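What you see is a predicted model; the values in this text were computed from it and never measured. Every heavy atom of this structure was used, including side-chain atoms; hydrogens, water molecules and symmetry mates were not.
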Amino acid sequence: MDGSENMVYNALLKGKIKGDERTISYLRYSLYSHGKTAFCESLENLREKVVEDGIVRSLCSSEGLGHKARTLKEILEAYGVEEYNPVLIFTSRRATAHEFEIVLHNMGVTRVRTLTGELTKEERLQIIADSKKGLVDVIISTHVGEEGVDIPEARLLIMADVPKDPLKFYQRLGRLIRKTEDTNIKYLVVTLTPKTQEYDNLDEALRALHREGVDVSYILEKKTGKGTTSLVVDQVKANHGVVPLMKLLESDYQLKDYLLIKGKTVLDLLHSNERDTPFADFIDRAISEGELLYYYDPEKMGDLIAKILLSKYCTLCYGERCRKICSRDQDLISLGGMKQYKLVRKDLLRYFMVIFTEDRIEDMKSTLSNISFDSSDFRLTVQSSANDKNNSIIFLVQPEVTIDGITVDPKITIAYYGIRKELKDFLKSNVIAVCRRSAEKYFSFFTS
């Protein structure tokens, strides 16, 4: 995809374009699988379910072909229609099929026929008959051609998108792999949009066919650096290999703003479990596959734990200083009434995450080791456990701080997901750094 297409795709991924969740998902799929024209057609049909954005309007008002049509032109220039005719081209959308017609006519290929549901059965059969007589060079087909279209003479099949249903994928293959006496070598080209779920869709289709006993070994993929996780990795590298997740999501808010946008208090967010954006899911996958690592920002998480410490103080203190400090925040009494604090929900943890590439881990270790806080009124207990089933590491921390003769020692659970066990020492240093910063921030409440 080009610049404007990528901008819209990223906005859809990161939740920047608002609307009905299923509609946004469908529009995202339409853009990467079928191209600009199909996407804009879908947007027009579903405009009541979408809050339109300026970058979307800019894309749909722009001239030129979509990325699938541009790719088709490159493929046909590489293979040559005259050498492989009749050529079969499959796409799931009529809008894309009509874009392909424009590409072919601009290339001087005029003997083109398009099979869509708009044609009668007799018209479709006539196109097949003309193809067998050598009167057609290219057949562009939508879903109607996946079954019942028998053109064994075809030597080149181009799939412009990957059907989510493996059976439909195999039906398309069936149009090509039929043997003829004079055609032994045939060619399949599947166009996949880099850094999108099309690569995942092809994987799923191939795995399903393999389980059914279909030999798909002749289909080769060169997907290194092209799947969904590579989109995330590229953006992290563009930020020198280290970037706060909220900046990556283009939502670089302070905690109070983050809570306001979520419509929640700290207390609410400790118990919530909201659905993530697709881009956040890609980040999870990149982490679980070891392409990226992360830690929790000691400053940001330190702010939250300092607030938990203060809330405990406010349930025990009395006097003028108590009233002055504790009246600043109405949530403190409710927050202080909790018996245990679990920082385990992903929608909360994402606010604190700093993503980095593995080659930066020594720098991150140095950053965390430089955070210190030395006071006889601060003590810390840290315990950990690992869960191999979901590759999680859980820390139970109990910071103990004393001021005005009041000691508070809340139990706080901090979770890391998709993390290798050998990183436990690094993560423990992260937890210690967080708690040290929280203690420092807690004591600062009483001096400001």
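- Between R437 and D297 there is no salt bridge, since none of the side-chain N atoms of the basic residue sits less than 4.0 Å from a carboxylate O of the acidic one.
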Please walk me through it: do M301 and L349 pass side-chain contact (heavy atoms from CB on, under 4.5 Å)? CA-CA 9 Å; M301 188 170 275; L349 293 174; 4.0 Å; yes

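- Taking both residues in full, the closest heavy atoms of L43 and C60 are given as CD2-SG, 4.1 Å, listed atom of the first, atom of the second, then distance.
- With hydrogens and angles disregarded, no donor-acceptor distance shorter than 3.5 Å links the side chain of R360 to the backbone of G241.
- Between C326 and L332, the shortest heavy-atom contact is O-CD1, 3.9 Å.
- Here the CD1-CD1 distance, from I139 to I89, works out to 10.0 Å after rounding to the nearest 0.5 Å.
- Taking CD1 of I102 as the start and CZ of F100 as the end, the distance is 11.0 Å to the nearest 0.5 Å.
- Side-chain contact annotation: E101 with T114, donor-acceptor N/O pair under 3.5 Å present.
- Expressed to the nearest 0.5 Å, how far CZ of R345 lies from CZ of R350 amounts to 13.5 Å.
- Annotation: the span from Y351 atom OH to L343 atom CG amounts to 13.0 Å, rounded to 0.5 Å.
- Counting all heavy atoms, side chain and backbone alike, N390 lies closest to S392 at OD1-OG, 2.7 Å.
- L396 places none of its side-chain heavy atoms less than 4.5 Å from the side chain of K342.
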Determine, stepwise, if the pair K428 / I432 fulfils side-chain contact (heavy atoms from CB on, under 4.5 Å). CA-CA 6 Å; K428 183 177 180 180; I432 292 171; 4.1 Å; yes

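- Ring-plane geometry between Y295 and F356 is classed as tilted, the angle between the planes lying from 30 to 60 degrees on a 0 to 90 degree scale.
- Side-chain contact between Y313 and F445 is absent, with no heavy atoms from C-beta onward closer than 4.5 Å.
- The pair K237-D234 fails the salt-bridge criterion, with no side-chain N (NZ, NE, NH1 or NH2) lying under 4.0 Å from an Asp/Glu carboxylate O.
- Taking 4.5 Å as the limit, every side-chain heavy atom of L156 sits out of range of all side-chain heavy atoms of L88.
- Shown here is Q383, whose CD atom has no more than 12 heavy atoms of other residues, nucleotides or ligands within 6.0 Å.
- Scanning all heavy atoms of the two residues, the minimum distance from V51 to I17 falls at O-CG2, 3.9 Å.
- The pair E299-K441 meets the salt-bridge criterion, since a charged nitrogen lies less than 4.0 angstrom from a carboxylate oxygen.
- A cation-pi arrangement is not found for K300 relative to F352, the charged atom failing to lie both closer than 6.0 Å to the ring centre and inside a 45° cone about the ring normal.
- R321 places no side-chain N or O within donor-acceptor distance of the main-chain N or O of Y318, the cut-off being under 3.5 Å.
- With contacts defined as side-chain heavy-atom distances shorter than 4.5 Å, the pair I158/L76 qualifies.
- Side chain of N239 to main chain of Q235: a donor-acceptor pair is present (N/O by atom type, distance under 3.5 Å, no hydrogens or angles).
- The number of heavy atoms from other shown groups lying within 6.0 Å of CZ (R420) is above 12.
- Judged purely by atom type and a 3.5 angstrom limit, K312 uses its side chain to pair as donor or acceptor with the backbone of M338.
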Could you walk me through whether Y32 and D161 satisfy the side chain to side chain donor-acceptor pair (under 3.5 Å) test, starting with their C-alpha distance in whole Å, then the side-chain angles of each, then the deciding distance to 0.1 Å, before giving a yes or no? CA-CA 9 Å; Y32 72 70; D161 55 60; over 6 Å; no

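- Smallest separation of non-hydrogen atoms from P194 and Y199: CA-CE1, 3.7 Å.
- The side chain to side chain donor-acceptor pair (under 3.5 Å) test applied to T196 returns no partner, not counting sequence neighbours.
- Judged by distance alone, with hydrogens and angles left aside, the side-chain atoms of K68 form a donor-acceptor pair with the main-chain N or O of T191 at under 3.5 Å.
- Contact of the I287 side chain with the T229 side chain is not registered, since no non-hydrogen atoms from C-beta on lie closer than 4.5 Å.
- A salt bridge links E77 with K73: the distance from a Lys NZ or Arg NE/NH1/NH2 to an Asp or Glu carboxylate oxygen falls below 4.0 Å.
- Stacking of K411 on the aromatic ring of Y341 is not recorded, the 6.0 Å distance cut-off and the 45° axial limit not both being met.
- Between E362 and K365, the closest side-chain pair of non-hydrogen atoms falls below 4.5 Å.
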Could you walk me through whether R436 and E440 pass the salt bridge (Lys or Arg N to Asp or Glu O under 4.0 Å) check? CA-CA 6 Å; R436 284 173 175 169; E440 184 179 358; over 6 Å; no

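- To the nearest 0.5 angstrom, S230 atom OG is 10.0 Å from F282 atom CZ.
- The closest donor-acceptor contact from the side chain of N430 to the backbone of F426 lies at 3.5 Å or more, if one exists at all.
- Side chain of K36 to main chain of S62: a donor-acceptor pair is present (N/O by atom type, distance under 3.5 Å, no hydrogens or angles).
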Please evaluate residues F395 and Y296 with respect to the criterion ring-ring contact (aromatic ring centres under 6.0 Å, His included), reporting the C-alpha separation (whole Å), side-chain torsions for both, the decisive distance (0.1 Å), and the verdict. CA-CA 13 Å; F395 290 90; Y296 297 132; 9.6 Å; no

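- Between the side chains of Q197 and T228, no donor-acceptor pair is found at a separation under 3.5 Å.
- Salt bridge annotation for E320-K324: absent, with no cationic side-chain nitrogen under 4.0 angstrom from a carboxylate oxygen.
- With hydrogens and angles disregarded, no donor-acceptor distance shorter than 3.5 Å links the side chain of E99 to the backbone of A69.
- Within 6.0 Å of CG in N370 there are more than 12 heavy atoms belonging to other residues, nucleotides or ligands.
- Judged by distance alone, the side chains of S42 and R93 do bring a donor and an acceptor atom under 3.5 Å apart.
- Few gaps surround CD on E422; more than 12 heavy atoms of other groups in view lie less than 6.0 Å from it.
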Tell me, with the steps shown, if L157 and V189 meet side-chain contact (heavy atoms from CB on, under 4.5 Å). CA-CA 6 Å; L157 169 62; V189 179; over 6 Å; no

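- Taking all atoms of both residues into account, the shortest heavy-atom contact from L31 to E5 is CD2-O, 3.8 Å.
- Taking CD1 of I403 as the start and CG of L310 as the end, the distance is 10.0 Å to the nearest 0.5 Å.
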Using the rule given for side-chain contact (heavy atoms from CB on, under 4.5 Å), can you reason through V431 versus Y416, listing the C-alpha separation, both sets of side-chain angles and the distance that settles it, and then say yes or no? CA-CA 11 Å; V431 168; Y416 296 81; 3.5 Å; yes

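- Between I393 and Y417 the shortest side-chain heavy-atom distance does not fall below 4.5 Å.
- Side-chain contact check for P244 versus M353: every heavy-atom pair is 4.5 Å or farther apart.
- Classified by interplanar angle (parallel below 30°, tilted 30° to 60°, perpendicular above 60°), the ring pair Y29/Y26 is tilted.
- Using modelled atom types, one side-chain atom of N6 and one backbone atom of M1 make a donor-acceptor pair closer than 3.5 Å.
- No side-chain donor-acceptor contact under 3.5 Å links T91 to the backbone of T96.
- The SG atoms of C322 and C314 sit 2.5 Å or more apart.
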